[in-house]
Structures are given as structure tokens and as C-alpha cells.
Amino acid sequence: MNVLVLNCGSSSIKYQLLDMGGEPVLKAKGIVERIGLPSGMICHKNDKDQAYDLETPVPNHTVGINLVLDALLSKEHGVISSLDEISAVGHRVAHGGEYFTKSVKLTEDAINKIESCVDLAPLHNPAHLLGIRAIQNILPKVPQTAVFDTSFHQSMPASSYMYALPYKMYETYKLRRYGFHGTSHKFVAQKACDILAWNFNEKKIITCHLGNGASITAIKNGESVDTSMGFTPVEGLMMGTRTGDLDLGALLFIMEKENLSVSQANSFINKQCGVNGVSEISSDMRDLQSESEKGNERAKLTLDMYAHRVKKYIGSYAAVMNGVDLIIMTGGIGENSCHIRDLVFRDMDYLGIDFDFNKNDGIRGKDEMLSKEASKVKVMSITTNEELVIAMDTVSLVFEKQLS
Ligand code: ADP
């Protein structure tokens, strides 16, 4: 049973084909880029690691999805022989607003609701809708699902999600904190509980998803009770190119001094700040680590700032939940950067954490315990896989009856 997982952006389509018949198997993955520009391209790789790149104009998402299907069907580098072998399509959808508390099978009503969240995610939701409509045209009989970045965080209490703005801003614009990366936070927390044979619904867990985008979530008794991203993904931790938490007055000051329009300011806080902006070296943690080892003081400052903010959120979420049983590090940085983990977990013994600094040094891209046996609070590195969550949710939504 093959599930096609799609993440449609405004100018790109990322895809994976997973066989979900038994243990999930990744059969192919790739990306279509530069949709709408004069020269587009597709980069495709199958399960035998055969790569296939093609430069060709991709005027719209329907053409892009047809390219994906052609690649999957190709005699040379394809993995299926007929489109009938695609049982369902699961879409990553950035914003479900207050409508969706979990993944859904796509109906016209669900599509209309995603459409009404366009205001909240003006870059992402329109692109997802183009992908959904393209699949409806090309594969009209194939069921589709939507898996939302926001839905896991819908359990947050109003005291977490409201901003201290006039209440009418919430009533008029639905302006509130939504949070993102929900699929990843939930997945790694559940996976860790499975490994530890713990009941997910009885634990206090802090999940740190540290990738290019980064967010941290407090999960109490199986529900998100607070998360660091807000109305947009800019809030919270320092990220590759996003500011994270910033005094709003500082932004107004910069806009005035540098004469920035709203859209320039938006691009500034999303693309020119964070790790890249402070270091003036790179947004990639690996570059900063190697520069820091060579004695570059700015790289060291950037790494220290990054870790300081993660530490600060961990402390505040332990306070929010009246304690914590488990802290999880995930995402490219959380799973791989021993250096950042080392900085974050220094001097955290007050919280009941006995971190194993020696073991931490060798752990990259693995599900592993990073705290010592006797540590009251456990710390783990857990690998995330958002596409797998989308495929799993799709199977359970579409084939519920057949599976049970
Ligand atoms: P995205 O948010 O784009 O999915 P990822 O989760 O892939 O991002 O994370 C990308 C980040 O992970 C980059 O900053 C990269 O430097 C970092 N990273 C990947 N591998 C390592 C490593 N071995 N050591 C330190 N950082 C790493």
C-alpha cells in the first residue's frame, strides 16, 4: 500500500512515496523546484539510490505533480508501474487555524476550511491548496488527507495562546498563538514513551525541535500545553535565519532607521536574522561549530546565545508543567549537535538532570538516552520523521476499516 506524501510550497513540491503495507519503507523521494519561473527542475531518487535530475519549465503545480508521477512511473528510475499503485495522498498543511485538532481526510468542507486559513498562512496554505486540487484533477479517485503543523497545539489553554493585545484583535483576526512543528513534537514524544515503556498520557515532556526552524513544546498528559512558535513561526527560539523572541520596539526602531516597508521587515526578521545574522558566517550549525573551534569569537557568541535560549525555554516549561519527566532533542541540530546539547545541559542539575556529557559526544542521528541511569529527569535524542507521520495518519484515516 503506497502513500504519496506531498509538501507543496509556493515554488516547490517535496515528495516521498512510502510503502505502508508492513513496516514502512521509503521507495522514492524528491523535489520539484522553481515552479512558475522560466526554468524549473525535478530531482528524484529511488530506493536503489538512483538519482534522476531534469531541467524543464514547471509553470504550475499540476505540471509539477505530473512530473513527480512520471518520475515514479519511469522504467529507468521509477518505483511503480501504474498510478493505481498509489493508494492515498497525504499533504503537509502548514495552518489549520482553530478548525483542526487532528489530521483529516480531505472533503470539500475540509478544503474550504483550509482555504479560510489562507490569511493566517498566506505563503503556505494557497500552495497546499494548489497541490490538493492538482491531485483531484490527476488522480480523482485517490483519497487525500491533510496533516497540520498546528493541530497538535490546539490543546493549548487560552492562557498560553493569547497575546496581551486588545481582545478584539483575537475576535476580529483570530490573532493568537498557534505553534508549528506539531507533527514532529508529538511523534518524538510518543516514540520516546514507546522506547521507555511509559504512558504518554501520564508524563510531562519537553520536546526541543531544533532544525533550521526551531521550536520547543511543553507536553503534559499527552497534550501540548505551550509551544514557542506563535502566530507565525518567527516567535520563540533563535533560528537559522529568524530572530525568535524580539522586543517589538526593536523592530519598529529598525524599520524607522532603515526605512523598511512591512514586506521588507517581514523578510528581514525571517531571512536575515537568527544564527546567520548574528554570526555573519552562516545559518548552518556545522559551519559555526568549526569556526568556533578555530577560535572565532562571533561563532562562539552565536552558539552560546542559541543554547541560552533553549535552556531558558526548558526552565520556563518545567515551571509551566510543575516539573518535567523527559526532555527530547530532535531536528537536525537536536539529533546531531553534541556541542549545542552540551551547552544546553550544563548546570541543569537544579532541575534533576544528570546529563551524560561523555556519552553525548558520540551520539548523532540516533534514538538514545543522554542522561545517566540515576537521572530523575531523562534526556533523550530522538530522530524525527514528519513524512512518516503524514503517511501513518493517512493510512489510519483512509483505511481505518480495512486495518481494524
Ligand atoms: P529543516 O528545518 O530544514 O528540516 P533540519 O532539521 O534538517 O532542518 O536541520 C538543519 C540544521 O541541522 C542545520 O543547522 C545543520 O547545521 C544542523 N545539522 C545537521 N547535521 C549536523 C551535525 N552533524 N552537527 C551539527 N549540526 C548539524
Side-chain angles (χ1 to χ4, degrees), residues 5-16 26 29-31 33 43 45 92 94 123-124 147 149-150 179-188 191 207-217 227-229 232-244 270-294 296 298-300 302-307 309-310 328-345 359-368 370 381-390:
V5 174
L6 291 180
N7 181 355
C8 297
S10 52
S11 67
S12 71
I13 300 169
K14 291 192 194 119
Y15 65 94
Q16 288 195 5
L26 176 62
K29 64 189 281 190
I31 182 166
E33 287 181 288
C43 304
K45 210 178 229 183
R92 177 231 166 192
L123 293 179
H124 291 93
V147 178
D149 281 19
T150 49
F180 299 89
H181 292 142
T183 32
S184 174
H185 288 293
K186 186 176 174 204
F187 175 71
V188 295
K191 184 169 21 157
T207 45
C208 309
H209 177 108
L210 311 179
N212 274 321
S215 67
I216 175 162
T217 295
T227 192
S228 60
M229 283 179 167
T232 74
V234 180
E235 191 180 345
L237 299 171
M238 177 172 168
M239 305 178 215
T241 58
R242 294 190 187 117
T243 57
N270 276 288
K271 297 190 178 144
Q272 296 170 42
C273 296
V275 170
N276 194 43
V278 176
S279 69
E280 296 178 308
I281 297 168
S282 162
S283 63
D284 194 303
M285 239 1 133
R286 287 166 288 202
D287 298 337
L288 292 206
Q289 280 168 213
S290 68
E291 281 304 308
S292 169
E293 277 157 23
K294 287 184 216 151
N296 183 319
R298 189 79 70 78
K300 184 175 175 309
T302 310
L303 293 169
D304 288 345
M305 282 174 68
Y306 190 95
R309 288 176 175 219
V310 176
I328 296 171
M329 303 296 275
T330 193
I333 296 165
E335 291 165 28
N336 295 296
S337 176
C338 320
H339 185 72
I340 287 292
R341 293 192 306 236
D342 190 302
L343 291 172
V344 168
F345 291 105
K359 184 175 179 190
N360 174 50
D361 266 351
I363 306 296
R364 284 190 185 83
K366 280 197 240 165
D367 298 333
E368 279 286 347
L370 298 172
S381 151
I382 298 284
T383 54
T384 194
N385 188 339
E386 289 160 281
E387 290 79 12
L388 179 61
V389 179
I390 296 172

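In listed order, ligands and their atoms are each counted from 1. Numbers here simply count residues along the sequence, with the first being 1.
Proximity of a side-chain donor or acceptor of N276 to a complementary backbone N or O of T241 within less than 3.5 Å is not detected. Within the 3.5 Å criterion, the main-chain N or O of E387 finds no donor-acceptor partner in the side chain of R92.
Distance from atom 14 (O) of ligand 1 to its nearest protein heavy atom, with residue and atom name: M285 N, 3.3 Å. Protein heavy atom nearest atom 11 (C) of ligand 1, with residue, atom name and distance: I333 CG1, 3.7 Å. Of the protein's non-hydrogen atoms, the one nearest atom 22 (C) of ligand 1 is N336 CB, 3.3 Å. In terms of protein heavy-atom proximity, atom 2 (O) of ligand 1 is nearest to N212 N, 3.0 Å. Ranking the protein heavy atoms by distance from atom 15 (C) of ligand 1 puts D284 OD1, 3.5 Å first. The protein heavy-atom contact nearest to atom 18 (N) of ligand 1 is G332 O, 3.6 Å.
When H181, R286, E335, H209 are checked for heavy-atom proximity to atom 19 (C) of ligand 1, R286 turns out nearest.
For ligand 1, the atoms lying closer than 4.0 Å to a non-hydrogen atom of S337 are 25 (C). Near G211, the atoms of ligand 1 lying under 4.0 angstrom from a non-hydrogen atom of the residue are 2 (O), 5 (P), 6 (O), 8 (O), 9 (O). Remark: ligand 1 atoms within the under-4.0 Å shell around heavy atoms of G213 are 2 (O).
Under a cut-off of 6.0 angstrom, the local environment of NZ in K186 is sparse, with at most 12 non-hydrogen atoms contributed by other residues, nucleotides or ligands.
Checking K191, K366, E335 one by one against T383, the side-chain hydrogen bond (donor to acceptor under 3.5 Å, both in side chains) holds for a single residue, K191.
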Begin from the C-alpha positions of T330 and L210 and carry the test side chain to side chain contact (heavy atoms under 4.5 Å, CB included) through to its verdict. CA-CA 6 Å; T330 193; L210 311 179; over 6 Å; no
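Here the closest non-hydrogen pair linking H181 and S215 is ND1-OG, 2.8 Å. Nearest heavy-atom pair, C338 versus I363, reported as atom, atom and distance to 0.1 Å: SG-O, 4.0 Å.
A donor-acceptor contact under 3.5 angstrom links the side chains of H209 and S184, judged on distance only.
Under the 4.0 Å criterion applied to side-chain N and carboxylate O atoms, E368 and K359 are assigned as salt-bridge partners.
For atom 4 (O) of ligand 1, the nearest protein heavy atom is 4.0 Å or more away.
Proximity of Q289 to ligand 1 is established by a heavy-atom distance of less than 4.0 Å. Every heavy atom of G240 sits 4.0 Å or more from the atoms of ligand 1.
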